[in-house]
Amino acid sequence: LTFYKQKILTRVKEKIIINDNYDFFIQLFISKNIDFTEENSIKYPVLQTTELQRFEFDLKDFENIKNLRLDPLNDSCVVNISQIYLVLEDDLQIDLKLNIQANACSHHGDSYFFEFLDPNIYFEGVDFESLSIKKFIVELIYNHIAKDAVHVCANQIAVDKNYIIENQN
């Protein structure tokens with residue numbers, strides 16, 4: 001390698017080793033009371049790709065779970081949720097798709113449009129306290145991220161409004 005390329009590689013390696021922060025991440029908050037805190041959360045880096053990504057959150061060390069909140073990204077995004085479910089201690093799976101409540105600006109089928117920097121997904125009607133949860137698993141596609149997502153969200157809001165207006169006549 002040339003001296004220049006070697007220096008860049010060294011800088012990249014140093015950055016990875018020294019700085020374990022990443023631009024984009026998914027985060028699951030585990031509530032033991034009414035609050036969601038950073039201390040009771042798990043983060044994983046998100047790849048900037050439109051391929052399906054699978055995230056498996058190990059919850060077996062968390063007791064008395066009252067609620068869960070998934071932040072699919074730490075920025076605006078448009079996601080397509082393929083699967084989202086709990087795995088219990090007896091390996092029974094509980095599908096959470098029908099329980100999703102989100103602060104999305106638009107929602108169509110499995111697609112969620114989050115225009116704000118703090119997208120949240122909650123789960124309505126799930127008695128987490130009565131369950132012995134081993135894992136939380138989500139498989140999703142990040143169709144758009146950050147500024148690109150904001151643009152797509154604005155367009156989707158316009159499309160949704162036009163649909164509503166057309167169907168009022």
Side-chain angles (χ1 to χ4, degrees), residues 11-89 91-107 110-153:
R11 283 189 187 155
V12 170
K13 287 179 186 175
E14 285 173 8
K15 184 177 182 184
I16 291 170
I17 292 167
I18 294 170
N19 183 4
D20 64 349
N21 293 330
Y22 18 83
D23 290 338
F24 298 112
F25 57 86
I26 185 171
Q27 186 169 15
L28 181 68
F29 289 88
I30 302 99
S31 172
K32 296 180 179 185
N33 49 43
I34 58 169
D35 298 324
F36 292 106
T37 63
E38 290 287 328
E39 295 81 31
N40 290 320
S41 72
I42 303 168
K43 290 181 188 178
Y44 289 119
V46 169
L47 300 176
Q48 293 185 51
T49 176
T50 55
E51 293 179 17
L52 184 70
Q53 295 184 59
R54 184 177 201 269
F55 301 95
E56 189 171 305
F57 298 88
D58 184 354
L59 300 180
K60 64 180 175 275
D61 293 333
F62 289 90
E63 296 178 5
N64 304 319
I65 296 174
K66 293 203 184 311
N67 208 348
L68 297 174
R69 184 185 94 200
L70 180 70
D71 291 6
L73 198 70
N74 57 316
D75 206 329
S76 303
C77 61
V78 177
V79 296
N80 185 286
I81 299 175
S82 174
Q83 293 190 63
I84 188 163
Y85 59 95
L86 299 173
V87 178
L88 304 183
E89 288 298 330
D91 290 327
L92 179 71
Q93 294 182 3
I94 297 178
D95 188 359
L96 296 174
K97 258 194 183 183
L98 296 178
N99 303 92
I100 291 176
Q101 294 295 312
N103 65 345
C105 67
S106 187
H107 165 235
D110 294 336
S111 295
Y112 293 83
F113 298 75
F114 296 98
E115 77 273 36
F116 298 116
L117 297 177
D118 190 22
N120 300 161
I121 295 175
Y122 295 90
F123 305 95
E124 191 172 89
V126 180
D127 184 10
F128 292 104
E129 290 179 271
S130 69
L131 303 172
S132 297
I133 303 169
K134 184 166 56 171
K135 296 177 188 175
F136 175 94
I137 298 173
V138 60
E139 294 181 5
L140 54 97
I141 295 171
Y142 291 90
N143 294 314
H144 303 279
I145 289 178
K147 290 179 183 176
D148 182 40
V150 174
H151 178 74
V152 170
C153 286

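One-based numbering along the sequence shown.
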- Query: Do I84 and L70 pass the side chain to side chain contact (heavy atoms under 4.5 Å, CB included) test, and can you show the C-alpha distance, the side-chain angles, and the key distance before you say yes or no?
  - Reply: CA-CA 10 Å; I84 188 163; L70 180 70; 4.0 Å; yes
Please round to the nearest 0.5 Å and tell me the distance separating atom [atom1] of [X] and atom [atom2] of [Y].
| X | Y | atom1 | atom2 | value |
| --- | --- | --- | --- | --- |
| L117 | N74 | CG | CG | 9.0 Å |
| N80 | F113 | CG | CZ | 9.0 Å |
| I145 | K147 | CD1 | NZ | 14.0 Å |
| I65 | D127 | CD1 | CG | 12.0 Å |
| I100 | I81 | CD1 | CD1 | 4.0 Å |
| N120 | F36 | CG | CZ | 8.5 Å |

Examine distances only and state if a side-chain atom of [X] and a backbone atom of [Y] form a donor-acceptor pair shorter than 3.5 Å.
| X | Y | result |
| --- | --- | --- |
| D75 | A146 | no |
| Y142 | P72 | yes |
| E51 | I141 | no |

Of all heavy-atom pairs between [X] and [Y], which one has the smallest distance, and what is that distance?
| X | Y | value |
| --- | --- | --- |
| F55 | P45 | CE2-O, 3.5 Å |
| V46 | I26 | CG2-N, 3.5 Å |
| L73 | S76 | CD2-O, 3.6 Å |
| V87 | Q93 | CG2-CG, 4.2 Å |
| V152 | V78 | CG1-CG2, 4.0 Å |

- Item | Any residue meeting salt bridge (charged side-chain N to carboxylate O under 4.0 Å, His left out) with D58, in chain and number order, not counting sequence neighbours | K60
- For D71, salt bridge (charged side-chain N to carboxylate O under 4.0 Å, His left out) partners two or more places apart: R69
- Assign the ring pair F128 / F123 to parallel, tilted or perpendicular, where the plane angle (0 to 90°) is split at 30° and 60°. perpendicular
- Task: Verify side chain to side chain contact (heavy atoms under 4.5 Å, CB included) between L86 and F136, making sure each step is shown before the conclusion.
- Result: CA-CA 5 Å; L86 299 173; F136 175 94; 3.7 Å; yes
- Does atom CZ of F116 have more than 12 heavy-atom neighbours from other groups under 6.0 Å away? no
If you look only at distance, which donor and acceptor atoms sit under 3.5 Å apart when one is on a side chain in residues 27-35 and the other is two or more places apart or in another chain?
residue: Q27; atom: NE2; partner: E38; partner atom: OE1; Å: 3.0
residue: Q27; atom: NE2; partner: S41; partner atom: OG; Å: 2.8
residue: S31; atom: OG; partner: N33; partner atom: N; Å: 3.3
residue: S31; atom: OG; partner: N33; partner atom: O; Å: 2.3
residue: S31; atom: OG; partner: D35; partner atom: O; Å: 3.1
residue: N33; atom: OD1; partner: D35; partner atom: N; Å: 2.7

- Task: In sequence, state the C-alpha distance, the side-chain angles, and the governing distance for S132 and L88, and then conclude on side chain to side chain contact (heavy atoms under 4.5 Å, CB included).
- Result: CA-CA 6 Å; S132 297; L88 304 183; 5.5 Å; no
Qualifying salt bridge (Lys or Arg N to Asp or Glu O under 4.0 Å) pairs with a residue from [range], counting only residues at least two apart or across chains:
| range | result |
| --- | --- |
| residues 128-143 | R54-E139, E56-K135, K66-E129, D91-K134 |
| residues 114-124 | none |
| residues 95-106 | K97-D110 |

- Does I121 reach the side chain of N103, with side-chain heavy atoms less than 4.5 Å apart? no
- Task: Carefully, step by step, assess V138 and F57 under the rule side chain to side chain contact (heavy atoms under 4.5 Å, CB included).
- Result: CA-CA 9 Å; V138 60; F57 298 88; 4.2 Å; yes
